[in-house]
K.L.:
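Below you will find the structure I want to go over with you.
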Amino acid sequence: GKRGNDIVLTIDINLQKYVEEMLAQEVLNAKSEPNTEYYNRSFVVVSDPNNGEILAMAGKQVQEIDGVLKVVDYTPGIVTLPVTPGSVVKGASMLVGYKYGAIDIGEYQVDECIKIKDTPEKCSWQTMGYIDDIYALEYSSNVYQYKIAIEIGGGNYQYNQALSLDESAFDKYRDMYAQFGLGIKTGIDLPVESLGYMGKSKLPGHLLDFAIGQYDTYTPIQLSQYINTIASGGNRYKPYLLKEVYAPSENNEEKLGALVYKSEKELLGTVDVEKKYMDRVRYGFSRVISN
């Protein structure tokens, strides 16, 4: 027998400890808030969008044990548990609109509830009126995305009337999402990674749901890669945890030996849209936290 190689991870241990402690407290806090009957877990991934290095990652779940709420680790869920992403995907949805000419930079739409025959009304969280693309991202308008999807599908919307959309619109959305890592494997250097669920229905209402992140599901690591791709300006990098491998030091001293392996950043793809459109989405996302 002999001493094995030493590995160095990308993890920042101080940041990792902070994330673990913060997340454990926050899932407990969230569980005490109204309308959290079906909530029980959250995930955090902190990574460098310019190379794919994961600096911290954690998952925590709240369980009731003997009548007491306790927090247990659920970090594997980051790569194995598909979730409904919700409005975070609207950046990619907006880019579908730009790419296929459904909207242009600065274009205004009326945010008002829409109604397809024999279905409930579809609305934003509040009626926003006459808004542009940046306002739609900043305040998370559902209706702005619905109207883009209808245009992409070649539909003619009229209130409370039947709506027919070209099913190829689903392919346009899924192709754009995949360029960000949504619906495909990220390539993370772990032995197991789930893909998520891809809806089979091509009903018009489901395309509208798709555009606001309420149809297909993705894992937290896929969502991390997606947001990193926006942050990097459209470059999608492989996420990784293994940074370096070193041979054992001589005489088993407590120091690293010769370098055996060093990870390099791996570009998996670049989003196929004009830079001005990616910059527009980046600006809209920045307004979410700056205003």
K.L.:
Determine yes or no for a side-chain-to-main-chain donor-acceptor pair under 3.5 angstrom, with D132 supplying the side chain and Y135 the backbone.
P.N.:
yes
K.L.:
Do any side-chain atoms of residues 89-103 form donor-acceptor pairs under 3.5 angstrom with protein atoms, and if so which ones, sequence neighbours left out?
P.N.:
{"from": "K90", "atom 1": "NZ", "to": "S87", "atom 2": "OG", "distance (Å)": "3.1"}
{"from": "K90", "atom 1": "NZ", "to": "S140", "atom 2": "O", "distance (Å)": "3.0"}
{"from": "K90", "atom 1": "NZ", "to": "S140", "atom 2": "OG", "distance (Å)": "2.8"}
{"from": "K90", "atom 1": "NZ", "to": "N142", "atom 2": "OD1", "distance (Å)": "2.7"}
{"from": "S93", "atom 1": "OG", "to": "V89", "atom 2": "O", "distance (Å)": "3.4"}
{"from": "S93", "atom 1": "OG", "to": "Y177", "atom 2": "OH", "distance (Å)": "2.5"}
{"from": "S93", "atom 1": "OG", "to": "A211", "atom 2": "O", "distance (Å)": "2.8"}
{"from": "Y98", "atom 1": "OH", "to": "D133", "atom 2": "OD2", "distance (Å)": "2.6"}
{"from": "K99", "atom 1": "NZ", "to": "D272", "atom 2": "OD2", "distance (Å)": "3.4"}

K.L.:
Between T10 (side chain) and L242 (backbone), is there a donor-acceptor pair under 3.5 Å?
P.N.:
no
K.L.:
Are any non-hydrogen side-chain atoms of Y39 and K31 less than 4.5 angstrom apart?
P.N.:
yes
K.L.:
Using modelled atom types and a 3.5 Å cut-off, is there a donor and acceptor pairing between side-chain atoms of Y226 and backbone atoms of V88?
P.N.:
yes
K.L.:
For the backbone of T270 and the side chain of N235, can you confirm whether one donor and one acceptor N or O come within less than 3.5 Å of each other?
P.N.:
no
K.L.:
So does E21 get a backbone contact from the side chain of K17, meaning a donor-acceptor N/O pair under 3.5 Å?
P.N.:
no
K.L.:
Within the 4.5 Å heavy-atom criterion, are M278 and V271 side-chain neighbours or not?
P.N.:
yes
K.L.:
Using modelled atom types only, decide if a donor and an acceptor are shared between the side chain of S224 and the backbone of P220 within a distance under 3.5 Å.
P.N.:
no
K.L.:
Applying salt bridge (Lys or Arg N to Asp or Glu O under 4.0 Å) to D216 and R174, what does each step give before you reach the verdict?
P.N.:
CA-CA 9 Å; D216 286 4; R174 286 199 172 109; 2.8 Å; yes
K.L.:
Hey, is the main chain of I134 close enough, under 3.5 Å, to the side chain of R287 for a donor-acceptor pair?
P.N.:
no
K.L.:
Among Q222, R236, E193, exactly one meets side-chain hydrogen bond (donor to acceptor under 3.5 Å, both in side chains) together with T186. Which residue is that?
P.N.:
E193
K.L.:
Decide side-chain contact (heavy atoms from CB on, under 4.5 Å) for Q63 and L69; before the verdict, give the C-alpha distance in whole Å, the side-chain angles of both, and the deciding distance to 0.1 Å.
P.N.:
CA-CA 6 Å; Q63 294 182 353; L69 291 179; over 6 Å; no
K.L.:
Charged N to carboxylate O below 4.0 Å: is that the case for E53 and K265?
P.N.:
no
K.L.:
Check whether any side-chain heavy atom of V83 sits under 4.5 Å from a side-chain heavy atom of L223, and report yes or no.
P.N.:
yes
K.L.:
Please confirm whether the backbone N or O of L203 pairs with a side-chain atom of S201, one donor and one acceptor, at under 3.5 Å?
P.N.:
yes
K.L.:
Does a sphere of radius 6.0 Å around OH in Y197 hold more than 12 heavy atoms from other residues, nucleotides or ligands, not counting ones at 6.0 Å or beyond?
P.N.:
yes
K.L.:
Just jot down the ring-ring contact (aromatic ring centres under 6.0 Å, His included) partners of F285, sequence neighbours excluded, or say none.
P.N.:
none
K.L.:
Is a salt bridge present between E112 and K122, judged by a nitrogen-to-oxygen distance below 4.0 Å?
P.N.:
no
K.L.:
Hey, does the side chain of S249 reach the backbone of K255 with a donor-acceptor pair shorter than 3.5 angstrom?
P.N.:
yes
K.L.:
Does the side-chain contact (heavy atoms from CB on, under 4.5 Å) test come out yes or no for I11 and L55, once each step is laid out?
P.N.:
CA-CA 4 Å; I11 295 293; L55 307 178; over 6 Å; no
K.L.:
Between E244 and K262, is the closest basic N to carboxylate O distance under 4.0 Å?
P.N.:
yes
K.L.:
With a 4.5 Å heavy-atom cut-off, do S194 and V79 have their side chains touching?
P.N.:
no
K.L.:
Which atom names give the shortest non-hydrogen contact between Y240 and N51, and what distance separates them?
P.N.:
CE2-O, 3.3 Å
K.L.:
Check whether any side-chain heavy atom of E121 sits under 4.5 Å from a side-chain heavy atom of Y159, and report yes or no.
P.N.:
yes
